[in-house]
Amino acid sequence: MTEVLIVGGGPAGLCASIALSRFGVPSVLVERHPVASAFPKGRALSIRTMEILRRYGLEDRVVAAGVPRQEGLHFFFGTSLSDPGHVRNSNLPDPARAALSPTFTTICSQDVLEPLLREHAESLGSGTIRFGREVTGLEQDESGVTATLADGGTIRAAYAIAADGAAGLVRERLGVGMSGEAELSRNLNILFEADLREHVADRFSLVYTIANAELTGTFMTVDNRRRWLFNLVHDPARPVSGDLVEVIRRAAGVPGLDVKVVATQEWSAAARLADRYRVGRIFLAGDAAHPMTPFGGFGMNCAIQDVDNLAWKLAAVLDGWAGPGLLGSYEAERRPVGADTVAESRRSLLATLDSTLVLPGVSGPRPTSRPSDGLVLGYAYDRPGAAVVPDGSPPPAVGDPIATYHPSARPGHRLPHLWTDRVSTLDLVGCGLTLLYGPKGSAWHEAEPRGVPLSRHQVEDEVAGALGIGTDGALLVRPDDHVAWRSPRLPGDPSAAVADAVETVLSR
């Protein structure tokens, strides 16, 4: 018997184990594969994901293991890797973007990241990790979930998280349907080794998009030196001739390049969304809930943010400081984000690929590319069913909500990053609820809602003003960094105000 069963040992499942262990919640993770994925997919870790990994104590290790930012945060477009007329766009942090967070996007491929996550998850003690164990059946009743394993064993848990991927068993067994497109493009990943450093030394990038009369594909750096992934997009109307080594040579524009093909992987780019994120005691997360195209680098990041949202809610309910109704907010909050992210990943695919490429069900002009800061940092939990208390303030006016991010401490939004006493406001958020209040709001320090872990921090005038709480107001922040409630001024009974907010947010 354990508190939470996690099905799937990819980044979402491993981060779920880490997050639950931080709250002291026992969990068992089962993954059917004996080892982590060898393919270097899912390489770009967004600002928001890096904030979560920072909270988990992993930021420095992930940055050290990844591709240096000055090499990886660029995007190349050309007819070949050697095209002298190529275009190269940069995503390096300018001062304005660097001020949005205490961290920044990092390039760390999944085959490097997963062992780091697994090692950290196993070091925390509360989570058990079992690779090479396959779930073949999952049943639930009023008190829990029972998983049947291929070896005949069973695991009983209070709740289960299905992070077993787009083709996983759990969603199918639950009968949850999906909307969207299952095959936007057909793709072949070619993992290979070749010394391309001299050919890319003046154009280091994360992604090298190649489009010419013969093929469309992307070189994706693993180390910008010898290890590479080439994603070839298949077009039945325009087949590619020659063996894979010759395909890579033509895409690189380097005849005679010494190439060693290590492995290949066929897959289809999908853009789909599950009709439900929850069935009883079982929750869908990551690709099990929203398989999306790899274009834009959204999939793994959205998955990690799913389980960061869910873990604290499971912990609060299991530990008794929240009512079970809180768990309903997971779907209410994360499914709209999943829908927006799936749509943007589809848009990014169409914007990136050669406009002459034949894609199923796609016609007309392709969209142009755009930034995604608003989608990555600006998503807000402000729809019905969210675990927040609205304060009546309007959402920030940002123009394109996908491209543009405007920091806001409005309930439902991610707490803005501001430096206070040489730490980020995000670094003040603990494993319970966190109360931030202005320099004249010392009365807030007396607030002690019954049975709820609550930390309190006073912030300076400038920080309080930026958070919209003035010198004597307060802000209640959830463990996932999202603002739950805001009081711009000190009420007559601050303790009662906090208690009322807590009762609402936690469904008590």
Side-chain angles (χ1 to χ4, degrees), residues 15-16 18-25 46-60 99-104 120 124 301 304-316 319 321-322 326 329-330 333-334 376-382 386-389 405 407-438 441 444-445 447-449 452-460 463-464 466-469 473-487 498 501-502 505-506:
C15 283
I18 292 170
L20 290 167
S21 290
R22 292 182 71 247
F23 294 102
V25 175
S46 72
I47 296 174
R48 182 64 190 133
T49 295
M50 288 304 298
E51 290 176 349
I52 293 170
L53 296 179
R54 175 186 176 92
R55 192 184 337 122
Y56 295 171
L58 285 169
E59 179 188 15
D60 291 344
L100 299 178
S101 175
T103 185
F104 200 71
H120 190 61
L124 297 177
N301 294 290
I304 290 173
Q305 290 148 32
D306 286 343
V307 296
D308 191 61
N309 177 288
L310 178 59
W312 79 266
K313 296 173 181 177
L314 287 170
D319 289 346
W321 50 277
L326 175 64
S329 68
Y330 171 65
E333 293 178 353
R334 291 304 302 173
V376 170
L377 293 173
Y379 59 85
Y381 303 142
D382 56 3
V388 301
V389 181
Y405 169 62
S408 173
R410 177 174 173 261
H413 289 252
R414 158 193 168 271
L415 177 70
H417 155 67
L418 298 160
W419 293 113
T420 175
D421 194 23
R422 294 181 291 182
V423 301
S424 169
T425 46
L426 294 170
D427 295 333
L428 300 178
V429 178
C431 286
L433 299 179
T434 302
L435 189 69
L436 306 181
Y437 58 89
W444 291 108
H445 195 74
E448 293 187 6
V452 176
L454 178 71
S455 59
R456 307 164 187 80
H457 300 277
Q458 187 179 80
V459 297
E460 302 93 327
V463 173
L467 297 177
I469 58 175
L475 200 70
L476 191 66
V477 186
R478 309 181 335 182
D480 62 353
D481 301 331
H482 281 258
V483 177
W485 168 82
R486 180 169 62 175
S487 178
V498 172
V502 166
V505 170
L506 300 181

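We count residues from 1, following the sequence as given. Treat the numbers as computed from the prediction; the structure is a model and nothing was measured.
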Can you find a pair of side-chain heavy atoms, one from [X] and one from [Y], that are under 4.5 Å apart?
| X | Y | answer |
| --- | --- | --- |
| N301 | V376 | no |
| Y437 | S487 | no |
| L454 | L476 | yes |
| P449 | W321 | no |
| I52 | I304 | yes |
| I18 | L58 | yes |
| L326 | W312 | yes |

Is there a donor-acceptor pair closer than 3.5 Å between any side-chain N or O of T425 and the backbone N or O of L418?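 Here the side-chain-to-backbone pair exists.
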
Looking at [atom1] of [X] and [atom2] of [Y], how far apart are the two atoms once the value is rounded to the nearest 0.5 Å?
| X | Y | atom1 | atom2 | result |
| --- | --- | --- | --- | --- |
| S455 | L435 | OG | CG | 8.5 Å |
| S101 | L426 | OG | CG | 6.5 Å |
| H417 | L100 | NE2 | CG | 8.0 Å |
| L475 | R486 | CG | CZ | 7.0 Å |
| R54 | I47 | CZ | CD1 | 12.5 Å |
| D308 | K313 | CG | NZ | 10.0 Å |

Let me know which of D480, L436, L428 forms a side-chain contact (heavy atoms from CB on, under 4.5 Å) with L415.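 With L415 as partner, D480, L436, L428 yield a single side-chain contact (heavy atoms from CB on, under 4.5 Å), made by L436.
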
Between D306, D382, N309, which is the residue that forms a side-chain contact (heavy atoms from CB on, under 4.5 Å) with E333?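 Output: one option passes, namely N309.
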
Quick one: list whatever passes ring-ring contact (aromatic ring centres under 6.0 Å, His included) with [X], sequence neighbours left out.
| X | answer |
| --- | --- |
| W485 | W444 |
| H457 | none |
| H482 | Y379, Y381 |

List the steps and the verdict of side-chain contact (heavy atoms from CB on, under 4.5 Å) for L506 and L433. CA-CA 10 Å; L506 300 181; L433 299 179; 4.2 Å; yes

Between R48 and D481, is there a salt bridge with N-O shorter than 4.0 Å? yes

Please name all residues satisfying salt bridge (charged side-chain N to carboxylate O under 4.0 Å, His left out) with D319, sequence neighbours left out, ordered by chain then number. none

List the residues meeting salt bridge (charged side-chain N to carboxylate O under 4.0 Å, His left out) with R456, not counting sequence neighbours, and say none if there are none. none

Salt bridge (charged side-chain N to carboxylate O under 4.0 Å, His left out): pairs with one or both residues in residues 412-426, sequence neighbours excluded: E51-R414

In short, A409 meets L467 closest at the heavy-atom pair CB-O, 3.3 Å

